[in-house]
Number of protein chains: 2
Amino acid sequence: MSDAHSHTHSHGQSCVVSRGETEALVDEFVASLRADGFRRTDALVALLRVMIRNHQPYTLAELAEVEDLRERDQATIYRLVMKLKDAGKMRQLNLAGRVSYFQLVLPGHHHDYLRCESCGEVQEVPLPCALAEVERELMHSLGWKGLHHELEFIGLCPACAD
Amino acid sequence: MSDAHSHTHSHGQSCVVSRGETEALVDEFVASLRADGFRRTDALVALLRVMIRNHQPYTLAELAEVEDLRERDQATIYRLVMKLKDAGKMRQLNLAGRVSYFQLVLPGHHHDYLRCESCGEVQEVPLPCALAEVERELMHSLGWKGLHHELEFIGLCPACAD
DNA sequence: CGGTTTGTTGCAAGCCAATTGCACTTAAGG
DNA sequence: CCTTAAGTGCAATTGGCTTGCAACAAACCG
């Protein structure tokens with residue numbers, strides 16, 4: 001009952017960074033992490049390399065499939081992701097049902113998503129997001145602090161719509 | 001590692017329907033469900049009574065605690081919810097991490113939510129939502145069909161913000 | 001450069017919401 | 001009533017996380 005979505009989701013290509021530029025960003029990122037008690041380990045570097053080079057949401061399972069992380073324990077990746085999240089450097093997105101997606105927090109790289117409820121495809125919304133103003137209004141009128149948001153449009157992708 | 005949020009979340013009161021009016025809406029809802037092969041069972045009526053009278057997102061666990069559903073098997077509730085979802089009458093919201101929330105689809109009763117990342121409190125956004133136009137634009141320019149959306153603002157509620 | 005401290009990792013076990021198989025019950029429609 | 005297909009309870013399984021523990025290895029110190 002209820003459809004499955006258990007295949008590999010294709011993400012929109014979005015935000016790909018060149019090889020050399022990635023290394024510099026990774027170094028910078030790791031350096032900033034030192035303050036949070038992180039050490040420069042192979043696993044951390046490999047994880048950041050992937051998530052910086054291709055800035056998009058990944059499931060833990062997807063990360064475990066990636067080059068240089070493939071042969072690592074999933075618990076290791078899990079703990080890295082969680083620690084990054086605790087440090088405020090990682091965001092947990094609840095795009096689909098029971099699996100969580102994770103995406104690095106890179107200031108100025110916010111995105112909303114479209115998800116196909118038939119095939120599970122996820123793609124970025126190619127329009128600027130105008131919710132920052134709503135956030136400001138909510139913080140002002142309701143007293144909430146530090147708001148960000150998660151917006152997902154759900155429907156049928158062109159391929160599944162027939 | 002990573003905070004827990006495992007307590008009972010308080011939902012904003014929102015959309016409460018009077019006792020008598022609820023019964024009428026339940027009857028109407030059940031009637032429309034006949035077309036999808038549903039039968040009028042006690043469990044279905046009890047479920048709809050709750051979810052129509054107080055139109056808000058519920059977890060399966062919360063539903064299982066409710067009057068008239070308390071002594072029922074959780075698998076029964078689960079299957080009702082899934083079948084309603086398959087019939088397009090129920091929406092699965094991914095508000096928090098591990099657990100899913102479900103909310104009946106009642107045309108014209110759309111809401112966005114605010115969630116506190118410290119205490120887990122969820123409340124409705126008390127502002128009109130202006131994304132219908134974005135949906136139209138996306139369907140037109142990208143060829144997606146039947147779009148709806150899920151929008152959640154995340155931050156610290158007034159109580160947790162100090 | 002060794003030695004110490006403390007974060008990191010692998011492995012395996014555990015957790016828990018969700019999911020399913022099966023046999024029994026019951027609503028709906030003759 | 002009687003038949004049929006949907007609904008239900010119970011128990012068992014799945015699967016994505018989550019954790020305890022002992023072995024490792026960065027980072028730091030003298």
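Quick caveat: nothing in here was measured; it's all calculated off a predicted structure.
When each of dT19(C), dG16(D), dT8(D) is scored by its nearest atom to the side-chain atoms of M82(B), the top-ranked nucleotide is dT19(C). Comparing dA12(C), dG9(D), dC21(D) by their nearest atom to the side chain of A75(A) picks out dA12(C). With dT9(C), dG9(D), dA18(C) as the choices, the nucleotide that has an atom nearest any side-chain atom of R72(B) turns out to be dG9(D). Listed candidates were dC11(C), dG16(D), dG9(D). Nearest to the side chain of T76(B) is dG9(D).
We find that CD of Q74(B) is positioned 14 Å from P of dA11(D), with the value rounded to whole Å. Put simply, CG on L33(B) is 17 Å from P on dA27(C), counting in whole angstrom units. Distance L69(A) CG to dT8(C) P: 15 Å, rounded to the nearest Å. Atom C1' of nucleotide dC10(D) and atom CD1 of I77(B) are separated by 14 Å, given to the nearest angstrom. Summarising the geometry, the separation between CG on L44(A) and P on dT6(C) is reported as 20 Å, rounded to the nearest angstrom. One atom, CG of L84(B), and another, P of dA6(D), lie 15 Å apart when rounded to the nearest Å. Atom CG in L80(B) sits roughly 15 Å away from atom P in dT19(C) (whole-Å rounding). In this structure, D36(B) places its CG atom 18 Å from P of dA5(D), rounding to the nearest Å.
Among the atoms of the strands shown, none is found under 4.0 Å from any heavy atom of G97(A). Backbone-only contact: A43(A) has heavy atoms under 4.0 Å from sugar-phosphate atoms and none from a base.
OP1 and OP2 of dC17(D) both lie 4.0 Å or more from every side-chain N or O belonging to Y78(A). The shortest distance between the side-chain N/O atoms of R79(B) and the OP1/OP2 oxygens of dT19(C) is not below 4.0 Å. Between K83(A) and dT8(C), a side-chain N or O to OP1/OP2 separation shorter than 4.0 Å is present.
Counting all heavy atoms, side chain and backbone alike, L151(A) lies closest to L131(A) at CD2-CD1, 3.9 Å. Nearest approach of S18(A) to R53(A), heavy atoms of both residues: C-NH1, 3.1 Å.
Checking R49(B), M51(B), K89(B) one by one against F29(B), the side-chain contact (heavy atoms from CB on, under 4.5 Å) holds for a single residue, K89(B). With R115(B) as reference, E152(B) is the one residue of E152(B), E150(B), E121(B) to meet the salt bridge (Lys or Arg N to Asp or Glu O under 4.0 Å) rule.
Each side-chain hydrogen bond (donor to acceptor under 3.5 Å, both in side chains) pair with one or both residues in residues 132-146 of chain A, not counting sequence neighbours, appears once here: E135(A)-H149(A).
Each of D73(A) and S100(B) has a nearest nucleotide on DNA chain C; the 5'-most of these lies closest to D73(A).
An end-to-end axis angle of 30° holds for the helix from dC1(C)-dG30(D) to dG30(C)-dC1(D), taken from five base pairs per end and rounded to 10°.
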**Prompt:** With the sugar-phosphate defined as primed atoms, P, OP1 and OP2, and the base as all remaining atoms, what B/S/- string results for nucleotides 24-30 of chain D, 5' to 3', for protein heavy atoms under 4.0 Å?
**Reply:** -BBS---

